[in-house]
Amino acid sequence: MKTKNFLALLTTIAIVLGILIYWREYATRDQVTLLHVISWQALIWLPWILMFLMFKTLVEKFRKISFGRALVVGIGFLWIALHFGWFFNLSSTISPYLDLPGSKFGVYRYFFVFWTLIDFGILWFVVDKLWWNKEEKIISPLLFELTRGGKKHFCEPSQIHWLAAENYYTKLFTTEGVFLMRKPLKSFHDILPGDTFKKIHRSTIINVDFVSELARGAGSTLEVIMKDGTKRRVSKSFIKDITHFFKDRTY
């Protein structure tokens, strides 16, 4: 679930609630503008963006813990209590219904019911959606259909030594030779098993089963030496991850 999609969801909630509240409080329409009501709602739901980003981090950290989801939901309940305080304070200051007959602190009693239900609904939706997206396993293809010299070759992921970006193409170095596919490197990164294939550069993905050595170069540079003798440079942003990965794999 992307942040921009969640922002669109919150915007929709703010607009729909603003319209419903404005329609429901028909007796005060001559004193309140629809734009004021919608703006007030937008400010009420805006903090959910920060909490959504926090939830994404929490899901990453607690995924492997047996009670991780319950822990995240518990934090979510705490957030709802804090959000309720935000709603109360904001409404006491800028609510378009402040000081109007029948309202208290800028709200009517039924507001609390609707906002609490929506808060719990968003909490359930966000946690479930983030967890579901992370738990979904991308099934790696059994075979890649590669073409060379008018002939088709079928290659298993385990036969691929490494991959390199070539403009809009990707070059695959395999046990059956070198092939070129008209697909971006990212498309392979998304479907190849992450425990075997590691990105070491924005233009290079390696199969760790075909790595024979990690070699330090001049300064702080690092090179991966494949079993066929090929050397590929590791970009600075990947050095730490690759070093730790091989350190964890070795006995």
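Values below: all heavy atoms of this structure, side chains included; hydrogens, waters and symmetry mates excluded.
Aromatic ring pairs are classed by plane angle as parallel below 30°, tilted from 30° to 60° and perpendicular above 60°; the pair Y108 and Y97 is perpendicular.
F52 and L46 fall into different hydrophobic clusters, defined by Ile, Leu, Val, Met, Phe, Trp and Tyr side-chain heavy atoms under 4.5 Å apart, directly or through other members. Residues Y169 and I191 do not share a hydrophobic cluster, clusters being chains of Ile/Leu/Val/Met/Phe/Trp/Tyr side chains in contact below 4.5 Å. Clustering ILVMFWY residues whenever any of their side-chain heavy atoms sit less than 4.5 angstrom apart, transitively, puts V178 in a cluster other than the one holding L143. Following chains of ILVMFWY side-chain contacts shorter than 4.5 Å, one cannot reach V16 starting from F111, and the two form parts of different hydrophobic clusters. Hydrophobic clustering of Ile, Leu, Val, Met, Phe, Trp and Tyr side chains at less than 4.5 Å, counting indirect connections, keeps F210 apart from L146.
Between the CG atom of L163 and the CG atom of L172 there is a distance of 4.5 Å, given to the nearest 0.5 Å. The distance from atom CG of D190 to atom CG of L185, rounded to the nearest 0.5 Å, is 9.5 Å. Between the CG atom in L78 and the CE atom in M51 there is a gap of 7.5 Å [rounded to 0.5 Å]. To the nearest 0.5 Å, atom CE of residue M226 and atom CZ of residue F173 are 10.5 Å apart. Here NE2 of H83 is found 10.5 Å from OG1 of T116. Values are rounded to the nearest 0.5 Å. Considering NE2 of H36 and CD of Q41, their distance stands at 10.5 Å, rounded to 0.5 Å.
In this structure a side-chain-to-backbone donor-acceptor pair under 3.5 Å is present from S91 to F87. Distance alone, capped at 3.5 Å, is enough to place a donor-acceptor pair between the S187 side chain and the P184 backbone. No donor-acceptor pair closer than 3.5 Å links the side chain of K151 to the backbone N or O of T147. The backbone N or O of I225 sits less than 3.5 Å from a side-chain atom of S212, completing a donor-acceptor pair. For K227 (side chain) and D209 (main-chain N/O), a donor-acceptor pair under 3.5 Å exists by modelled atom type. Between the T28 side chain and the Q31 main chain, no donor and acceptor come within less than 3.5 Å of each other. A donor-acceptor pair under 3.5 Å is absent between the side-chain atoms of T170 and the main chain of M181, judged by distance alone. Between the side chain of T174 and the backbone N or O of G177, at least one donor-acceptor pair lies under 3.5 Å.
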Report task. Evaluate the criterion side-chain contact (heavy atoms from CB on, under 4.5 Å) for residue pair H201 and R232; output intermediate values, then yes/no. Result -> CA-CA 9 Å; H201 190 277; R232 301 298 296 180; over 6 Å; no
Requested in this report: Go through the steps for I239 and T243 under the test side-chain contact (heavy atoms from CB on, under 4.5 Å), then give the verdict.
Outcome: CA-CA 6 Å; I239 288 178; T243 303; 3.9 Å; yes
Report task. Kindly determine whether L53 and T57 satisfy side-chain contact (heavy atoms from CB on, under 4.5 Å), including the steps that lead there. Result -> CA-CA 7 Å; L53 297 174; T57 302; over 6 Å; no
Report task. Please test F144 against F188 for ring-ring contact (aromatic ring centres under 6.0 Å, His included), starting from the C-alpha separation and ending with a verdict. Result -> CA-CA 10 Å; F144 286 100; F188 291 94; 5.7 Å; yes
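Within the 4.5 Å cutoff, no side-chain heavy atoms of I44 are placed close to those of L17. In this structure, the side chains of L20 and F114 stay at 4.5 Å or more apart for every pair of heavy atoms. No side-chain heavy atom of V224 sits less than 4.5 Å from a side-chain heavy atom of T204. Side-chain atoms of F6 and I122, non-hydrogen and from C-beta on, do get closer than 4.5 Å to each other. Using a 4.5 Å heavy-atom cutoff, the side chains of L222 and R216 are in contact.
D119 and W48 share a donor-acceptor pair across their side chains, judged by distance under 3.5 Å alone.
Taking the centre and axis of the six-membered ring of Y22, the NZ or CZ atom of R29 falls inside the cone set by 45° and 6.0 Å.
Under the ring-ring contact (aromatic ring centres under 6.0 Å, His included) criterion, F197 pairs with no residue at all, not counting sequence neighbours.
Surrounding OH of Y110 are more than 12 heavy atoms belonging to other residues, nucleotides or ligands, all under 6.0 Å away. The neighbour count for R148 CZ, taken as heavy atoms of other residues, nucleotides or ligands under 6.0 Å away, is above 12.
Proximity of the aromatic rings of W115 and W40 is defined here by a centroid distance below 6.0 angstrom, and this criterion is met.
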